[in-house]
Structures are given as structure tokens and as C-alpha cells.
Amino acid sequence: ETGVTQSPTHLIKTRGQQVTLRCSSQSGHNTVSWYQQALGQGPQFIFQYYREEENGRGNFPPRFSGLQFPNYSSELNVNALELDDSALYLCASSRDGTGNTEAFFGQGTRLTVV
Amino acid sequence: GDSVTQMEGPVTLSEEAFLTINCTYTATGYPSLFWYVQYPGEGLQLLLKATKADDKGSNKGFEATYRKETTSFHLEKGSVQVSDSAVYFCARTYNFNKFYFGSGTKLNVKP
């Protein structure tokens, strides 16, 4: 148990719809990163939030957006869903620092776009 | 560019066999290196890590040594169990705890 919780665990959406995924970070952690894991692939970095500001973004289009709240929980929003957005979405929380601190992953949200 | 490459699976072994899963990385600078494990239907769990050259990470009988000269971080275990069946991901950090992951290696251990 990592203390990082994601909701919902599973979700089915129709192409063109919008979706919001949620992540509660571990106590004491102020950094949340989001990853997309397509079936049979390794996770791909979407973006990171540090103290409520975006702190880096991977190669994902602008319809992927996010927020971090004062309690350091975070949301991932995806607009205009496409079939290829079907994946496991993982969030990871960590403390700020040099980059050598451990990141703890949630169980993920399985999104299916039909 | 910066990346992580790990051996393709699936790897199928009998219980008590020796395991090696190869991982190499490319990077500018000196990243931290990690192995994560993913059991069916679950998220990622940290298995072990190493933060500088020649460090050895170890956990639950698994080991990996950070080899700067060969840019490698191979995962080994002397005697695998059926319960070790999972997908293993090699990863490196860059720029403030962002991760590059390899594509994963599925391990099947047969009784």
C-alpha cells in the first residue's frame, strides 16, 4: 500500500467525450506526475505538477490537461477522447528534491474509449 | 535521445531457476535507476533502486548494480518463485523525478 489513491478504478467513455481522473498523493508529498500506460507498453510521462504549478510535460497534445490543488491532490483531464486514449493512467507522488527520492505509484485508472 | 531499453519477453522459467533481465540506458548526466514490478491488474511497485554508479540495489532476493561504464542495470535473482511472475520495468529518472520506462519484460515462472 503506497498511500497514493486514484479514482475511479475503471471507466468507459465514448469517443469525443471528456474525462477527469483523480489522484490523492501520499502524505507529505508535493509532487504528482501522470503517466499513460498503453496495453503491453511501459508508462509514458504525460506531465508533472509541483506545488500547484506544471513542472514539465511529455509529448502529449493540449487536450491532456491537469490541475494540482493546495492539498497536492491532482486531476488529469482529457478532452475529445480518442480510441487510442484507452490505457491505464497512473499517477505517482514524490517529495520535492534532487530527483533521487522515491516516487510512489497509485493502482491506476483503466480508461476504455469506445 | 535519452531512453531505457530492456530485453523483450516473455521470459519463462521453472521455479528455482536463475533470472536475468537486461536493461541498458542512455542519458546525459547521472540518472537514478529503478526496477518496478507490476502484478496483473495493479499499478507499479518499486522493487529496487540505485542512485549512483556502482551502487547495488536489492530487495526480496532481487539485485541490480548500476554500471556506468556499460550503462546497464541488469536485474538478477538467484532462485525465482511462482509468485515472482509479473511484468518488470526498468526506469531512469530525469529532471526532478520524471521517469523514462522501458517497455517491460513479462516473467512467467512455472512450478
Side-chain angles (χ1 to χ4, degrees), chain A residues 1-7 9-10 21 23-26 29-51 53-60 72 87-110, chain B residues 1-10 21 23-25 27-53 55 57 59 66 73 75 86-108:
Chain A
E1 185 92 10
T2 65
V4 180
T5 58
Q6 292 187 242
S7 61
T9 54
H10 295 83
L21 311 181
C23 172
S24 294
S25 58
Q26 183 159 312
H29 288 185
N30 56 20
T31 303
V32 173
S33 303
W34 286 92
Y35 292 83
Q36 181 195 65
Q37 186 181 13
L39 197 63
Q41 300 295 316
Q44 300 291 316
F45 174 71
I46 303 174
F47 44 58
Q48 182 185 82
Y49 279 85
Y50 169 58
R51 294 184 177 178
E53 298 286 332
E54 188 177 287
N55 184 43
R57 187 180 183 92
N59 189 27
F60 281 81
Y72 302 129
L88 181 68
Y89 288 84
L90 296 164
C91 81
S93 80
S94 57
R95 283 198 305 273
D96 59 324
T98 63
N100 293 332
T101 58
E102 184 174 340
F104 293 87
F105 283 81
Q107 297 290 83
T109 294
R110 173 76 61 189
Chain B
D2 295 340
S3 68
V4 175
T5 303
Q6 59 183 106
M7 64 188 286
E8 290 192 18
I21 301 178
C23 171
T24 58
Y25 67 92
T28 53
Y30 303 99
S32 295
L33 301 175
F34 300 78
W35 278 98
Y36 279 87
V37 59
Q38 187 173 41
Y39 297 99
E42 297 188 10
L44 299 175
Q45 298 177 27
L46 177 66
L47 182 60
L48 53 84
K49 68 176 183 179
T51 58
K52 61 183 188 298
D55 268 3
N59 186 28
Y66 190 141
F73 193 55
L75 181 68
V87 181
Y88 292 82
F89 292 94
C90 183
R92 55 158 287 235
T93 52
Y94 70 103
N95 189 14
F96 205 67
N97 263 358
K98 303 175 182 70
F99 287 85
Y100 282 119
F101 285 90
S103 56
T105 303
K106 185 172 183 179
L107 171 65
N108 296 316

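We name chains A, B, ... by the order of the sequence lines, and we start the count at 1 in each one. All values derive from a computational prediction rather than experimental measurement.
Neither the backbone nor the side chain of A:Gln44 has a heavy atom closer than 4.5 Å to any heavy atom of chain B. Residue B:Gln38 touches chain A through its side chain alone, counting heavy-atom pairs closer than 4.5 Å.
Inter-residue side-chain proximity for A:Pro43 and B:Tyr36 is flagged as unmet; no heavy-atom pair is nearer than 4.5 Å.
Enclosure of atom CD in A:Glu54 by more than 12 non-hydrogen atoms of other residues, nucleotides or ligands within 6.0 angstrom is indicated.
The CZ atom of B:Phe101 sits 13.5 Å away from atom CD of A:Gln41, with the distance rounded to the nearest 0.5 Å. Rounding to the nearest 0.5 Å places CZ of A:Phe104 at 11.5 Å from CD of B:Gln45. Here the NZ-CD distance, from B:Lys98 to A:Gln48, works out to 4.0 Å after rounding to the nearest 0.5 Å. One distance of note links CZ of B:Phe99 with CG of A:Leu90; it measures 12.0 Å at 0.5 Å rounding.
Not less than 6.0 angstrom separates the ring centroid of A:Phe45 from the ring centroid of B:Tyr100.
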